[in-house]
Amino acid sequence: MPRTPERKQLHLNAFLMSTGHHEASWRLPESPAEANSDIEHYKNLARIAERGRLDSLFLADSPVLMGDPGRRPAAKLEPTVLLTALAGATRHIGLIATASTSYNEPYNLARRFASLDHVSGGRAGWNIVTTAGADAARNFGLDDTPLHRDRYRRAGEFVEVSTKLWDSWADDAVIADKERGVHALAERVRQIGHRGEFFRVDGPLNVQRPPQGYPLLVQAGSSEDGKDFAARYAEAVFTAQQTLEEGIAFYKDVKERATALGRNPDGIKILPGIVPVIGETEAEALALDAELENLIVPEYAKLQLAKRLKIAPEDLDLDAELPDDIPTEDDIEGAKSRYTLIVELARREKLTVRQLIGR
Ligand SMILES: Cc1cc2nc3c(=O)[nH]c(=O)nc-3n(C[C@H](O)[C@H](O)[C@H](O)COP(=O)(O)O)c2cc1C
């Protein structure tokens, strides 16, 4: 179909996670139990997504072993490494890797994404996250997560430094003139001399200008600081609003913030997430959904929910609704918006803890 300005196009991104997002999906008889570290499994998924003409693949990440490895496949391959392999197995599809601004240095990461962009022929994307959770902090010499606001301040400077590094090679810096013996024009490869609050970086980058200029910049925070960050830097925003009204409000909010910053709001795509359960018929899909629910081990999932809500597991009764007396978003220094989303879902639909875990 020809692409005309009047014709709006839906962007579709596959958020890959070994055998799927459902916490019991690995237990289905047909699931490859070692999928989380099996490159052939991921290549197969990537090729299916490409054949289906999806825009991109996305890999989430956090520099910590998330969740209970006894319960589900918790270990993961490093996303930029995995996507480098998938670049070789595909031709067109975009490749978006998550990387933390709290637990990396801009020089290393800018280099890694520039490399992925070269290797994939201009298909790299970076999901910029600030990483919630004390468990991750304790892998990097800290006792606790840096404050939410401070993580976003660092993230802003991190992206500024990264873009300066990608810009440190002008588009036309490399001339590869064999005759004169000039590979790159020295005046077009510049130091950046960055001196900021969090980083001191001289540059230039040791990878030349990535084919896209910058990788696609993606973001997923929904808190106030998260939305400001998205409005300033993101070209695509992952989100997970649970009702149409909230979705419309979020879309409008992010677009208005971008407009206020002088950006063209069409330059930011909002990508709400869904978890489809698919069958040949509706009855088949419903049967699969029921099979998955039956495979959940609720005692494990209850611990995970309690941790996320910052309450004691003993205070959660599987067959009762959430207790009234739980923290508010202001008390959460981790993933603020995800906390509120879960609590609002439970209250709105009067879900028991067991039903909430299933959802
Ligand atoms: C679809 C989606 C994917 C996400 N992937 C990651 C991820 O891979 N790693 C991560 O640390 N956070 C991830 N997040 C969480 C956000 O990046 C963000 O850290 C979280 O929403 C907390 O930010 P906030 O307090 O600004 O809302 C994801 C969020 C969504 C909606």
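Note that the structure is predicted; figures quoted are calculated from it, not measured. For the single chain, residues carry numbers from 1 onward in sequence order. Counting starts at 1 for both ligands and their atoms, following the listed order.
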Under 3.5 Å, side chain of Arg190 to main-chain N/O of Pro204, donor-acceptor pair present?
no
Remaining members of the apolar cluster that contains Val254, side-chain heavy atoms under 4.5 Å:
Val237, Phe250, Tyr251, Ile268, Ile270
Distance alone, cut at 3.5 Å: any donor-acceptor contact between the side chains of Thr19 and Ser25?
yes
Can you list every protein residue that has a heavy atom under 4.0 Å from any atom of ligand 1, sorted by chain and residue number?
Phe15, Phe58, Ala60, Asp61, Thr98, Asn127, Val129, Thr131, His148, Tyr152, Ala220, Gly221, Ser222, Ser223, Gly226, Phe238, Thr239, Gly334, Ala335, Lys336, Ser337, Arg338
Which other residues belong to the hydrophobic cluster containing Val64, where Ile, Leu, Val, Met, Phe, Trp and Tyr are joined when side-chain heavy atoms lie under 4.5 Å apart, directly or via other members?
Met66
Residue set satisfying ring pair (Phe, Tyr, Trp, His ring centres under 6.0 Å) with Tyr103, at least two apart, ordered chain then number -> Phe140
Which atom names give the shortest non-hydrogen contact between Pro276 and Ile274, and what distance separates them?
CD-O, 3.5 Å
